Structure formats: structure tokens, C-alpha cells
Amino acid sequence: MNPFEMVVAIIVVITIGKVLQARYGGVKSRDGRLEGLASRDPAEKFEADRLRDEIHALKERVQVLERVITDNETSLRLDHEIEKLRDKNRI
């Protein structure tokens, strides 16, 4: 194999790899965010943001429940904490 063929083969392999990476794995931009075909769709971005917010709310609820369960004055504050969770869920 002469040097010209080797250079062409390397370019072909790199090009195929980049195309597959962009199509299936996403590509990282210069600032480190993952960009791919899926991240360009506004509906998918909206759904991801909604799910992220829901996970955040659930984590907050778990923290409150852990605090209520491990608190020594559980019997006094339990009703108050449950009502706070119910009010938060209604919003």
C-alpha cells in the first residue's frame, strides 16, 4: 500500500466514524454539551425538561419524607409535613 492509499483509507475510516457518532451517539460541542439529532427536536427538548423538573420535585419530596421519618418529634410534625406535600402537589 502506498502512502497516498493509506492517507485515503485513514480519511475514509475517520469520516465513517464521525458520521456514525453523529447519527447514533451524539457529538459534544466545544462547550461540552451533548448535541445530536435528538437534541435538535424542540418537542424532545421540552419533554426532557419536563422530566428533569419532575425528577427534581420527586427528590425534594423524598428529602422531606426522610427528614420526617428520622426526626425525633415525628408524631408532632407528621401531619404538618404531609399537608405541605399535598399543597405542593396541588400546584
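These figures come from a predicted structure and were not determined experimentally.
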Colleague: With sequence neighbours excluded, what pairs up with Arg50 under the salt bridge (Lys or Arg N to Asp or Glu O under 4.0 Å) test?
Modeller: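 Partners of Arg50 by the salt bridge (Lys or Arg N to Asp or Glu O under 4.0 Å) criterion, ordered by chain and then number, come out as Glu47, Glu54.
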Colleague: For residues 7-15, run the donor-acceptor check on the side chains, cut-off 3.5 Å, and write out each pair with its distance to 0.1 Å, sequence neighbours left out.
Modeller:
residue: Thr15; atom: OG1; partner: Ile11; partner atom: O; Å: 2.7

Colleague: Just to verify, what does Asp49 make a side-chain hydrogen bond (donor to acceptor under 3.5 Å, both in side chains) with, not counting sequence neighbours?
Modeller: Lys45, Arg52
Colleague: The criterion is side chain to side chain contact (heavy atoms under 4.5 Å, CB included); which residues satisfy it with Asp53, sequence neighbours excluded?
Modeller: none
Colleague: Tracing side-chain links under 4.5 Å among I, L, V, M, F, W and Y, which residues wind up in one group with Phe46?
Modeller: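 ILVMFWY cluster around Phe46 holds nothing else.
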Colleague: If I take atom CG from residue Leu85 and atom CD from residue Glu60, how far apart are they, to the nearest 0.5 angstrom?
Modeller: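 Those atoms lie 10.0 Å apart.
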